[in-house]
Amino acid sequence: MDIRSLKTFEEIVSEDFSGVYIVDDERRILFWNKAAEEITGYTAEEMVGKSCPETGLNHTDDKGTPLCHGFCPLLKTLRDGKTRGDVVLAQTKNGGRVAVRVRFVPIKRDDKTVAVAEIFEREGPYDPLAEKTLSRLAFNSSHDYLTGLPARSYIDTFIQSKLDLPSAEKQSFAVLFLDFDDFKVINDRYGHVAGDAVLKTMARVISSAVKKEDLMGRYGGEEFVGVYMVDSVKDAKAIAERVRAAIEAAEIAFEGITLRITASIGVTMAKEGDSVEAVVRRADRMMYQSKRLGKNNVCSDDW
């Protein structure tokens, strides 16, 4: 047999009906086959070279929990070298969500996992209406209905994923806790419709300070929590001050009147050994310190 006539690995997986992509030990995509393109809408040119969290696939479980920032089964396979499978929701290029059955297969060299192949296929036949429904359900389960921002469960999961990263992959980050000052006065004087208008406008204002790797969401009522990838509390306070000033300057038009509001913000840096509850509670305490100092302030623990 002339082995030169045998197909290469790349040729074989390129013809596979299953989607296949391969990532290195930094979760950067090395290979993306034709079936992966057909299932997701993303071409190899768009995907190869990107890290998983940058791809736009935004894998979640069926409850809308984000997987790409720390709870990723692929990442677990990279770490322990074990093959595993799951059913996840992936976002397609057209904005829909598709349920895919996936297998994560380690690729080893000298018993060390150096890459992982993700092999995936649709869970059921193609159904564009079902994809739109899945997209809506996944979004609604993890986002606030009024503002469209991530909800408390999403925020807590995001923080937990950052805390769970191994030491070599950890990024320093700050948590901001924001509460609007005297929000009850607006509700009492103008009604809850006015309060909702304020929250929706302010959500857009505070979201303008969020970069791709950061997060800002509604924690409940008039409370918002942000997670920012920064190196120091000084940097976090600078972001918080921009958010505070933008809120103070914003005007909300409501039934012929102009409403204005301010916010008190607390800031803390996450530290080794933190739980989600601990880091959020510290930021919350600093927010109340801002209230005690006269509101419309930014305070941090500066540890």
Side-chain angles (χ1 to χ4, degrees), residues 9-10 12-14 16-93 96-124 131 134-135 138 141-142 154 156-171 173 212-213 215 229:
F9 167 80
E10 184 170 329
I12 292 169
V13 296
S14 293
D16 197 327
F17 290 112
S18 297
V20 178
Y21 69 93
I22 297 172
V23 304
D24 63 16
D25 56 2
E26 295 181 350
R27 289 199 292 169
R28 197 162 300 280
I29 294 176
L30 306 174
F31 174 81
W32 185 267
N33 79 344
K34 187 68 176 176
E37 177 180 336
E38 291 169 353
I39 293 170
T40 67
Y42 291 104
T43 65
E45 289 74 16
E46 293 172 300
M47 303 301 269
V48 172
K50 288 184 176 180
S51 69
C52 289
E54 298 171 338
T55 60
L57 292 172
N58 297 326
H59 287 129
T60 69
D61 63 17
D62 58 1
K63 298 180 180 62
T65 305
L67 302 178
C68 294
H69 294 283
F71 291 94
C72 175
L74 185 152
L75 185 58
K76 292 178 181 176
T77 293
L78 266 174
R79 291 175 183 166
D80 63 21
K82 296 179 180 178
T83 298
R84 49 177 44 88
D86 209 341
V87 175
V88 303
L89 304 182
Q91 185 168 310
T92 58
K93 189 175 180 179
R97 285 217 164 249
V98 57
V100 291
R101 183 169 295 277
V102 297
R103 283 182 296 138
F104 304 96
V105 181
I107 299 173
K108 299 185 178 184
R109 179 185 299 134
D110 299 327
D111 290 330
K112 179 183 178 182
T113 301
V114 294
V116 172
E118 179 173 326
I119 305 165
F120 63 100
E121 54 191 31
R122 291 180 183 276
E123 180 76 346
E131 287 191 8
L134 277 174
S135 181
S141 66
S142 59
Y154 190 118
D156 285 348
T157 299
F158 186 82
I159 295 173
Q160 187 67 61
S161 72
K162 296 300 180 186
L163 295 172
D164 286 345
L165 286 172
S167 298
E169 300 176 31
K170 278 192 186 300
Q171 293 176 278
F173 68 92
K212 186 175 181 179
E213 64 270 24
L215 183 77
M229 301 301 115

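Keep in mind that this is a model prediction, so the values were computed, not measured. Quick note: residue numbers are just sequence positions, from 1.
- Interatomic distance, OG1 of Thr113 versus CG of Asp24, reported as 12.5 Å (0.5 Å rounding).
- Using a 4.5 Å cut-off on side-chain heavy atoms (C-beta onward), Asp25 and Leu78 make contact.
- By the neighbour-count criterion of 12 heavy atoms within 6.0 Å, atom CZ of Arg103 is sparsely surrounded, having that number or fewer from other residues, nucleotides or ligands.
- How far CZ of Phe173 is from CZ of Phe158: 8.5 Å, rounded to the nearest 0.5 Å.
- Inter-residue side-chain proximity for Asp156 and Gln160 is flagged as unmet; no heavy-atom pair is nearer than 4.5 Å.
- In this structure, OG1 on Thr92 lies 11.0 Å from CG on Asn58, to the nearest 0.5 angstrom.
- At least one side-chain heavy atom of Tyr21 sits less than 4.5 Å from a side-chain heavy atom of Leu57.
- Thr55 OG1 to Ile29 CD1: the interatomic distance, rounded to the nearest 0.5 Å, is 5.5 Å.
- Not one N or O on the side chain of Arg122 forms a donor-acceptor pair closer than 3.5 Å with the backbone of Val100.
- Between Glu118 and Val23, every side-chain heavy-atom pair lies at or beyond the 4.5 Å cut-off.
- Residue pairs meeting the salt bridge (charged side-chain N to carboxylate O under 4.0 Å, His left out) criterion with at least one member in residues 38-52, sequence neighbours excluded: Glu46-Lys93.
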Next on the checklist: Does Lys162 form a side-chain contact (heavy atoms from CB on, under 4.5 Å) with Met229? I'd like the steps, not just the answer.
Outcome noted: CA-CA 10 Å; Lys162 296 300 180 186; Met229 301 301 115; 3.9 Å; yes

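- In this structure, CG in Asn33 is found 8.0 Å from OG in Ser18, a value given to the nearest 0.5 Å.
- Here Lys82 pairs with nothing under the salt bridge (charged side-chain N to carboxylate O under 4.0 Å, His left out) rule; sequence neighbours left out.
- Identified under the salt bridge (charged side-chain N to carboxylate O under 4.0 Å, His left out) test for residues 106-117, with sequence neighbours left out: none.
- Distance check: Leu74 CG to Arg27 CZ gives 7.0 Å after rounding to the nearest 0.5 Å.
- Across Ala115 and Ile22, no two heavy atoms sit closer than the pair CB-CG2, 4.2 Å.
- Across all non-hydrogen atoms, the minimal contact from Pro106 to Gly81 is CG-O, 3.3 Å.
- Ring-plane geometry between Trp32 and Phe120 is classed as tilted, the angle between the planes lying from 30 to 60 degrees on a 0 to 90 degree scale.
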